[in-house]
Every structure is written in C-alpha cells, then in structure tokens.
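Here's the structure we're looking at; comments come further down.
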Amino acid sequence: MRALILDGPGGLGRATAAELGAAGVEAVLAGRDPGRYEQMLDLRGDLSDLYRAAAQATVVVNFSGVPDVRLAERAGAANAAFVETGSDAGYLSELAGLHPRTPVLIGGRLLPVLAGMLARDVAAHDSADPAEPVEIGIVLGAGDPESAADLGATYALFGRSFTDPATGEAVLNFSGRREFTLPDGRRRHLAQVDWPDQQVLTAALGRPVRTYLATGDRFSTTLLRGVKRMPGAARLPSALHLPGRPGWQVVAQAGPAPGAVRSWAAGRYQTPCAAHILTIATRRAPTLEPGLHRVGDLLTLSDLSGLEGLALGRSALGVPQS
C-alpha cells in the first residue's frame, strides 16, 4: 500500500506519515518545497502533477488545507482513494455533492470524531427513553497548536442560529448553557453550539444530539459568550489563539439524570491521537465502496484502547468514573 500525503501547516501530516510507515505502509510526503519533501507537488493550476503522483498511490491524504474539490476528483481519476482532513464547511459540502468513483473520506478532525464515537457508545449502552437527548460536552485545549481548526470552526458560529435537535426551536450559538462533570472531575458550564456532525448524529442515532462547548480557560469561554453577537466576529482567523493551556476533554451523556450513561475521552495534545485515527482511516479507505464516507463511522472506541496519551472511560452520572 502506498499513501501520498499532501502536507501542510502543523505537524499532523508528518506524524501520520510516520505512523503509517511504522505500520508497513509506504507513506510519501508531498509539497512544494524540494528541501522538505520526497515528492514535489504544486496544488495550483491544472493539478496534472497530482494526477500523476496519485496514479502511483493507493490513497491520497490531504493535510494541505487547500479546499479544492479537484484534489478528490484528480485522486479518483487516478483510481486512488481520498482522505480529507480539513474542516471548512463549504468545502466539505462540495465534497459531499460529488459522485466519486473511488472512496472519499471526510470528517477527520479529532474532537468531532471522538464526539461522534462517544455519542454512539452512550446510545448503545443506555436504556433510557430514546427521546432523551444525548448531550456532548467539549473542552478545547486552547494552548494546543492543532486546535487552530477547531477554533476557526468555533469562530464561524458567532452570530448564527441553528435548530435545536430536541425542541426544533431556533438557538443562538453560545447562548444556552449546561453544567457537565468533566473527565478531570471539575464541574463546568458549557455553552450550546451547532458543532460539526450534530445533525448527522441525530439522524444516525434516532435521538436528539446536543453539543456544548468551552475552552480549558474560563476567561476564554466567557469571552466567546460575550462576543457571540459582535459584528464580524465570525471572520476571526483560526490563527487567533485564545489564552489557555493544552489539554482537551470530550464527554457524552444520556441526559442529566443520576445514573445516566456517560462516556468520555481526554488528552493533552491532539496530534498523537489524531495521527492514530487518520492512520486507521487511511489504511481502511481503499477497502471501502466508492462514494462518500465519514472517518468516525470507520472506528469504535476499541480501536483507540491503550493509545498512549489518551484516557477513555465509561460510567454513570453520580458514580465515580473509571
């Protein structure tokens, strides 16, 4: 198996290439700088270089940050699977509108993937009323460089409303609040948001899924809530890091009642866990049927068991977590 890695900002592309190599996959890093990459590629113009390189690969993995559907089209024309790691909503919608001749995977960001996996785990182990919402709480590690994409997606929510999956009512992002007991034992109030895949999970699980968000720093969270109506706030650049320390947490629970099932995950830096997930997705991509797939649908929590730097657990509300 040969994976063509379209590298970009940050270290996730190289970390994934290294893990693929350790798993016996020939991983070729590609980019514009001949001093840094094994394969020279310019993702501009007619992309003929990409087509020729993809023809020598089994799968193309895009870490470049270039939101161009032609990347997936050229990979497909060369009979290679395509894995997209970006989170630009408009670009992902365009990819979803394609009719690819090979497998195309989207939704590779760590925290949305984990949120979906934990929500499915809760739904599978919960015997409560299926009309009771599954609630997801996410705490971003603002000090982690890999959180830039998550912060960019968060900023884009400012000033926008969405339909609450449980009530059908319009909700302004960052306006509703819910108290969660986090994996680290702290209790925090998180703000309700329209997180990626929330509506998709609602349809897949057959029960409402709500998402609530905070950063690891209380001041940053208060700041997010304070600027939710500010004109132009949605255009803040993802490179604008909020103050705070590394360390992210995700918890899913079947409502707030005592005894409700809750599953959780926590870690310090995103890159090692994200690289592991994307390695699994990359290796499985060529075995899938042609068409659009989501990375989170290919994995279960057992795929992540024992991963260094990742804590996983399941418990009931009011019961000490394990």
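At least one side-chain heavy atom of L298 sits under 4.5 Å from a side-chain heavy atom of L105. With a 4.5 Å cut-off on side-chain heavy atoms, F162 and Q192 count as touching. At least one side-chain heavy atom of L71 sits less than 4.5 Å from a side-chain heavy atom of L47. L182 places none of its side-chain heavy atoms less than 4.5 Å from the side chain of W264. Two residues are said to be in side-chain contact when any heavy atoms from C-beta on lie closer than 4.5 Å; I136 and L118 fail this criterion. At least one side-chain heavy atom of L6 sits under 4.5 Å from a side-chain heavy atom of V60. No side-chain heavy atom of L12 sits less than 4.5 Å from a side-chain heavy atom of Q270. The side-chain heavy atoms of L205 and R120, taken from C-beta on, include a pair separated by under 4.5 Å.
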| request: Test side-chain contact (heavy atoms from CB on, under 4.5 Å) on L301 and L312 and set out the steps. | output: CA-CA 8 Å; L301 291 176; L312 294 170; 4.3 Å; yes
| said: Checking Q39 against Q56 for the side-chain contact (heavy atoms from CB on, under 4.5 Å) test, could you report, in this order, the C-alpha distance in whole Å, the side-chain angles of both residues, the deciding distance, and whether it holds? | reply: CA-CA 12 Å; Q39 175 92 43; Q56 305 301 314; over 6 Å; no
| side-chain contact (heavy atoms from CB on, under 4.5 Å) evaluation trace for R294 with V200 | CA-CA 11 Å; R294 294 181 178 273; V200 173; 3.8 Å; yes
| query | Can you list the steps and then say if D7 with R14 is a side-chain contact (heavy atoms from CB on, under 4.5 Å)? | reply | CA-CA 7 Å; D7 199 21; R14 288 186 177 274; 3.8 Å; yes
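With hydrophobic clusters built from ILVMFWY side chains whose heavy atoms lie under 4.5 angstrom apart, L310 shares a cluster with I138. Residues L41 and V66 share a hydrophobic cluster, clusters being chains of Ile/Leu/Val/Met/Phe/Trp/Tyr side chains in contact below 4.5 Å. No continuous path of ILVMFWY side-chain contacts below 4.5 Å connects Y51 to F82, so the two sit in separate hydrophobic clusters. Following chains of ILVMFWY side-chain contacts shorter than 4.5 Å, one cannot reach F63 starting from V28, and the two form parts of different hydrophobic clusters. Hydrophobic clustering keeps L288 apart from I106 (ILVMFWY residues linked when any side-chain heavy atoms are closer than 4.5 Å, directly or through intermediates).
Remark: the backbone N or O of A260 is not paired with any side-chain donor or acceptor of D126 at under 3.5 angstrom. Within the 3.5 Å criterion, the main-chain N or O of V209 finds a donor-acceptor partner in the side chain of T202. Checking side-chain atoms of R262 against main-chain N and O of T181 turns up a donor-acceptor pair under 3.5 Å. Side chain of H276 to main chain of D303: a donor-acceptor pair is present (N/O by atom type, distance under 3.5 Å, no hydrogens or angles). Of the possible polar contacts, one joining the T85 side chain to the N62 backbone as a donor-acceptor pair under 3.5 Å is found. Judged by distance alone, with hydrogens and angles left aside, the side-chain atoms of R188 form a donor-acceptor pair with the main-chain N or O of T215 at under 3.5 Å.
Going from atom CG of L172 over to atom CZ of R160 covers 12.0 Å, rounded to the nearest 0.5 Å. Between the OG1 atom in T16 and the CD atom in E19 there is a gap of 7.5 Å [rounded to 0.5 Å]. From S93, atom OG reaches atom CG of L95 across 9.0 Å, with rounding to the nearest 0.5 Å. Atom CG of residue D197 and atom OG1 of residue T211 lie 9.5 Å apart, to the nearest 0.5 angstrom. Within the model, atoms OG of S263 and CG of L114 stand 11.5 Å from one another, a figure rounded to the nearest 0.5 Å. Taken from CG in D49 to CE in M40, the straight-line distance is 8.5 Å, to the nearest 0.5 Å.
Results of the side chain to side chain contact (heavy atoms under 4.5 Å, CB included) test with L4 over T58, L50, V61 single out L50 as the only residue that passes.
Shortest non-hydrogen contact noted between C273 and G309 is SG-O, 4.3 Å. In terms of heavy-atom proximity, V193 sits nearest to Q198 at O-OE1, 3.3 Å. Across all non-hydrogen atoms, the minimal contact from V59 to V83 is CG2-CG2, 3.9 Å. Smallest separation of non-hydrogen atoms from G45 and R70: O-NH1, 2.8 Å. In terms of heavy-atom proximity, R210 sits nearest to P165 at CG-CD, 4.4 Å. Taking every heavy atom of both residues into account, M1 and P286 meet most closely at CE-CG, 3.8 Å.
A salt bridge does not link R44 with D68: none of the charged nitrogens is closer than 4.0 Å to a carboxylate oxygen. Checked for salt-bridge contact, D121 and R314 meet the test: a charged N lies under 4.0 Å from a carboxylate O.
The environment of CZ in R284 is crowded: more than 12 heavy-atom neighbours from other residues, nucleotides or ligands sit within 6.0 Å.
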